[in-house]
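What follows is a short report on a single structure.
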2 protein chains.
Amino acid sequence: MIKSGNKSSSAAEDYLERIQELIEAKGYARMVDIAASLGISQASVTNMVKRLDTEGFVLYEKYRGLVLTPEGERIAKEIARRHRILTDFLSQLGVSSEEVERDVEGMEHHLSLDSLEAIERLCQQLTCHPDLLAKIKHGSNKGIL
Amino acid sequence: MIKSGNKSSSAAEDYLERIQELIEAKGYARMVDIAASLGISQASVTNMVKRLDTEGFVLYEKYRGLVLTPEGERIAKEIARRHRILTDFLSQLGVSSEEVERDVEGMEHHLSLDSLEAIERLCQQLTCHPDLLAKIKHGSNKGIL
DNA sequence: TAAATAAATTAGCCAAGGCTAATTTATGAA
DNA sequence: TTCATAAATTAGCCTTGGCTAATTTATTTA
Ligand SMILES: [Mn+2]
Ligand SMILES: [Mn+2]
Ligand SMILES: [Mn+2]
Ligand SMILES: [Mn+2]
């Protein structure tokens, strides 16, 4: 789903993003950690990691662990950026954090660079126009006084 | 992927949306039309239409055609609304219509009602603030004077 | 260091959603 | 009404991305 270089599916992008997060947080990403973090079985993780290896996104040795390749890291960082921008966007609009999380997790795989950066610039503008945001959020607060 | 009532996959939603469009445009939706419109094989359409029937979204009789059930129509209209709102949104931001089309086709299945309606209100506000839009679009026109 | 536990892998399964090729049914033209 | 063509269906295949259960390897603990 990402532009230049090799193509990666939504699922692959989620794996790469999460693997990168785990490595940043703890220095490594074990199968068991990836599985727990994504809420899927270890067996499924083993399968996908094998595929990510054959596709050149990770280096993987049986029972020995895995690391991201430069290409894998590039995609991980790109998808993390999409995640950040979209999270910021929907949060600014006043959507609850649970919904933001669900929506972003799906949407992040379906945006062109142009759309993403337009939304990024929009967020920037919205930041200096709290009046606009107030009006937008108002509609979601019908029942709250 | 849609809230109340029965759940439908992204693919099912795309089929229902397109079936509805064909019915509106021509009064009927044949397998061959659906296939051409979605760019997939007739065989795949037959399979999916069977599933949409067993799941209660269309009424289908072999060799005789199909119609949407009320539930199928509800989902078709809901996804069409998402399509409209997101198309309007990205278009306002100055994204090219080809990219808008691709992005929307993917994103429309991954938005909560809250997010959708927040974006709808945002579009409304942006309409009365062309100055903001100008600044946002500016970034995408770096090379154009 | 040997046994117990944790982590990882394998085998075999499933559903979704595509495809092509072959067949069947419907339909329009002669 | 018959035949040619168009539309639809069936059969059989594939990939993706899940799952569980069983097994194997690594690690920890006694
Ligand atoms: Mn995601
Ligand atoms: Mn994400
Ligand atoms: Mn779609
Ligand atoms: Mn659509």
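Lettering of chains follows the sequences in order, A, B, ..., and the numbering in each one begins at 1.
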**Value in whole Å for how far the P atom of D/dA26 lies from CD of A/E61** = 12 Å
**Separation of C/dA16 C1' from B/Y15 OH (nearest whole Å)** = 11 Å
**Asked** Less than 4.5 Å apart, any side-chain heavy atom of A/D33 and any of A/R18?
**Response** no
**Request:** Before accepting this row, confirm whether a basic side-chain N of the pair B/R74/B/E71 lies closer than 4.0 Å to the acidic partner's carboxylate O.
**Result:** yes
**Prompt:** Of the options B/V45, B/I34, B/D14, which is the one that meets B/I40 in a side chain to side chain contact (heavy atoms under 4.5 Å, CB included)?
**Reply:** B/V45
**Request:** Considering just the side-chain nitrogens and oxygens of A/S41, establish if one lies under 4.0 Å of OP1 or OP2 belonging to D/dC19.
**Result:** yes
**Message:** Can you tell me how far apart CG (A/L93) and CG (A/L126) are? Round to the nearest 0.5 Å.
**Reply:** 7.0 Å
**Item:** side-chain N/O B/K50 vs D/dT9 OP1/OP2, d < 4.0 Å
**Value:** no
**Asked** In residues 22-36 of chain B, what residues come within less than 4.0 Å of DNA chain D, judged by heavy atoms?
**Response** B/R30, B/M31, B/V32
**Request:** Let me know the distance between NZ of A/K7 and P of D/dT15, rounded to the nearest Å.
**Result:** 15 Å
**Item:** Under-4.0 Å salt bridge between B/R81 and B/E120
**Value:** yes
**Message:** What's the closest nucleotide to the side chain of B/R64 if the choices are D/dT10, C/dA26, D/dA26?
**Reply:** C/dA26
**Asked** With a 4.5 Å heavy-atom cut-off, do B/E17 and B/E78 have their side chains touching?
**Response** no
**Fill in**
Whole-Å distance, B/D53 CG to D/dT9 C1', equals 15 Å
**Item:** Closest-nucleotide 5' rank along DNA chain D - winner of A/I40 and B/K62
**Value:** B/K62
**Prompt:** Of A/R82, A/R84, A/H83, which meets side chain to side chain donor-acceptor pair (under 3.5 Å) against A/E108?
**Reply:** A/H83
Report, one pair per line, the protein and nucleotides 21-24 of chain D atoms (nitrogen or oxygen only) whose separation is under 3.5 Å.
none

**Asked** Would B/R121 and A/K135 count as a side-chain contact (heavy atoms from CB on, under 4.5 Å) if you check the C-alpha gap in whole Å, the side-chain angles of each, and the deciding distance to 0.1 Å?
**Response** CA-CA 8 Å; B/R121 290 191 298 274; A/K135 276 191 250 185; over 6 Å; no
**Message:** When you measure from the side-chain N and O atoms of B/T46 to the phosphate of D/dA8, is any distance below 4.0 Å, counting only OP1 and OP2?
**Reply:** no
**Asked** Quick one: is C/dA16 close enough that its OP1 or OP2 comes under 4.0 Å of any side-chain N or O from B/S9?
**Response** no
**Asked** Do B/R102 and B/E98 meet the salt-bridge criterion of a basic N to acidic O distance under 4.0 Å?
**Response** no
**Request:** Using whole Å, report how far CG of A/L52 lies from C1' of D/dT16.
**Result:** 12 Å
**Request:** Among D/dT9, C/dC19, C/dT9, find the nucleotide with the atom closest to the side chain of A/Q42.
**Result:** C/dT9
**Item:** Closest-nucleotide ordering on DNA chain C, the 5'-leading residue of A/Y60 and A/N47
**Value:** A/Y60
